[in-house]
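Computed from a predicted model, the values in this text were never measured in an experiment. In what follows, chains are A, B, ... by sequence order, proteins preceding strands, each numbered from 1. Just so you know, these numbers use all the heavy atoms, side chains as well, and skip hydrogens, waters and symmetry mates.
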Amino acid sequence: MHALKLSTAPIMKKKTMPTTTPIPSPPLTPPTPQLISKIPKSLLKPTSTPITKWAPLNLSKSELSLPLTFPTGQTFRWKQTGPLQYTGAVGPHLVSLKHLTNGDVSYCLHRTSSPSSEAEALVALRDFLNVGICLSDVWEVFSASDSRFAELAGHLGGARVLRQDPLECLMQFLCSSNNNIQRITKMVNFISSLGNYLGTIEGFEFHEFPSLERLSTVAEQELREAGFGYRAKYITGTVKALQSKHGGGVEWLLSLRKVDLDEAIDALLTLPGVGPKVAACIALFSLDQHHAIPVDTHVWQIATRHLLPELAGARLTPKLCSRVAEAFVNKYGKYAGWAQTLLFIAELPSQKAILPSHFSNAKGKKSVKRKIVETNTTSENVINDIEEG
DNA sequence: CGGTAACCTGGGAT
DNA sequence: AATCCCAGGTTAC
């Protein structure tokens, strides 16, 4: 127990190497004829230099922090392709984003075919980045009513909520249930590989997200063989359910951007594999439902520590789940989901390592599972109250 | 209706 | 080495 393991602090994910196996190992087919095979690679100039035409996006780091937005669980399709650089697909467009030294974000469109498509790619990109919503405005409201949020915001500026394609978002979060990041990424990569190939950056292959029709050609068995486990039937079942919608499944999903949150959630819950948590993720990350609150174990921890302390020690049941969501909305208002996003990020091990220690709030993982036992003679009453409530 | 037990898989802890 | 546990849950009793 006291064997000094000073590994206490930050790094929890070792290696991280094999997460996606970037290059699917070029099988046979040497790309270059034997003639030039003797020439040292260093002398081979690529005939077409990779497009590196970067342009500003007019977004500062406080409005969009790439490291706090892309690798923090909203999407599993964007890859880190440089120190402060991430690459992914926006519709049919392959895009890289990076921070300049002053923090501003610049973008690069790969493989742009025509100037007109370049213009529409930029429109699509700005839409995807949700630039219509000013993060600092939204956070100002949160900070006014929550000093702890204000301090976290000072350290984690630019943690933005994306506006993803609903189908893409839905499929990703179907993969996420009771699963870990590494395997979710692997599964999402598999689905993505069914879409049109867009290019390879830093060893990562990128594809347009497959259409509903393309998805419908994949059998449950194939997905199981690809390691989806029981989520394989969620995918095929949801695809089938979407295809049965009059007017098209994609349109049906998009229509949920115009209805109330409750209606959107209820609609999503009819899809196999979509429960309250996944529905909230889809609603928040792709359907403009800014006060959707995905309640997972992390958010539950946050809520019981800072929002609903009277529930500490209780188990996360569906009813308490909606109570947590309610509490978030009561405290943070119509953009509560955006607040939840920052608070969630602050719980990630990678961020806790960076934040001042007083945010870690003692209690490592040891005592988490113990219900309030000792010290307090009335703790049992508290529990009873909760269960009756 | 609320509480519980399976459900696929792989990596890390015991 | 064998087993248990857990990972941003959902479904079926």
Side-chain angles (χ1 to χ4, degrees), chain A residues 1 3 5 7-8 11-21 70-76 159 161 169-190 220-238 241 265-266 268-285 292-304 311 314-325 328 337 340-352 364-366 368-369 371 383-384 386-389:
Chain A
M1 244 325 187
K5 41 171 68 177
S7 61
T8 57
I11 313 118
M12 298 213 75
K13 34 179 74 173
K14 324 199 138 170
K15 299 291 159 66
T16 69
M17 241 301 292
T19 53
T20 65
T21 55
F70 286 94
T72 49
Q74 287 188 60
T75 173
F76 302 91
V161 173
C169 191
L170 166 57
M171 292 298 146
Q172 292 189 76
F173 282 95
L174 275 181
C175 297
S176 76
S177 74
N178 193 25
N179 207 349
N180 58 70
I181 305 289
Q182 182 176 328
R183 197 153 76 104
I184 296 168
T185 303
K186 187 176 136 196
M187 292 159 66
V188 169
N189 285 344
F190 179 86
E220 177 184 338
Q221 185 58 25
E222 295 177 66
L223 293 172
R224 282 194 173 265
E225 288 167 2
F228 280 64
Y230 58 81
R231 300 166 200 82
K233 63 179 180 299
Y234 293 166
I235 302 284
T236 57
T238 285
I265 295 288
D266 287 344
L268 292 170
L269 289 178
T270 65
L271 301 171
V274 177
K277 159 66 168 50
V278 169
C281 285
I282 299 163
L284 176 61
F285 298 142
I293 308 293
V295 180
D296 55 37
T297 53
H298 284 296
V299 174
W300 176 245
Q301 296 299 321
I302 296 167
T304 55
L311 296 186
R315 287 182 53 90
L316 182 48
T317 62
K319 179 180 266 185
L320 290 182
C321 190
S322 57
R323 193 157 154 201
V324 168
F328 266 86
Q340 177 272 348
T341 295
L342 173 67
L343 298 174
F344 171 80
I345 290 172
E347 293 294 311
L348 297 176
S350 57
Q351 300 307 324
K352 282 198 166 181
K365 325 205 143 179
K366 288 193 192 168
V368 165
K369 281 234 160 157
K371 288 192 166 189
I383 297 287
N384 287 336
I386 292 168
E387 289 177 346
E388 292 185 59

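- In DNA chain C, runs of at least 3 consecutive Watson-Crick or G-U pairs, each pair with both distances below 3.5 Å, span B:3-7 with C:9-13, B:9-14 with C:2-7.
- In this entry the distance linking CG of A/L348 with C1' of C/dG8 reads 9 Å, nearest Å.
- Applying the side chain to side chain contact (heavy atoms under 4.5 Å, CB included) test to A/S176 and every residue at least two apart in sequence or in another chain returns A/F173, A/I184, A/V278.
- DNA chain C lies under 4.0 Å from at least one heavy atom of each of the following residues of residues 268-277 of chain A: A/L271, A/P272, A/G273, A/V274, A/G275, A/P276, A/K277.
- Scanning for side-chain hydrogen bond (donor to acceptor under 3.5 Å, both in side chains) contacts around A/N179 gives A/R183, with sequence neighbours left out.
- Contact annotation: A/K319 side-chain N/O to B/dG2 OP1/OP2 distance is under 4.0 Å.
- Residues satisfying the side chain to side chain contact (heavy atoms under 4.5 Å, CB included) criterion with A/Y230, sequence neighbours excluded, are A/S177, A/N178, A/R224, A/K233, A/Y234.
- Listed by chain and residue number, A/L170, A/M171, A/L174, A/L242, A/L271, A/P272 satisfy the side chain to side chain contact (heavy atoms under 4.5 Å, CB included) test with A/T238 (two or more places apart in sequence, or in another chain).
- At least one side-chain heavy atom of A/F344 sits less than 4.5 Å from a side-chain heavy atom of A/D296.
- For the contact set between residues 221-237 of chain A and DNA chain B, defined by any heavy atom under 4.0 Å, the members are A/R224, A/G229, A/Y230, A/R231, A/K233.
- Take A/S322 and apply the side chain to side chain contact (heavy atoms under 4.5 Å, CB included) test, not counting sequence neighbours, and it matches no residue.
- A/E347 meets the salt bridge (Lys or Arg N to Asp or Glu O under 4.0 Å) test with A/R305, A/K352; sequence neighbours excluded.
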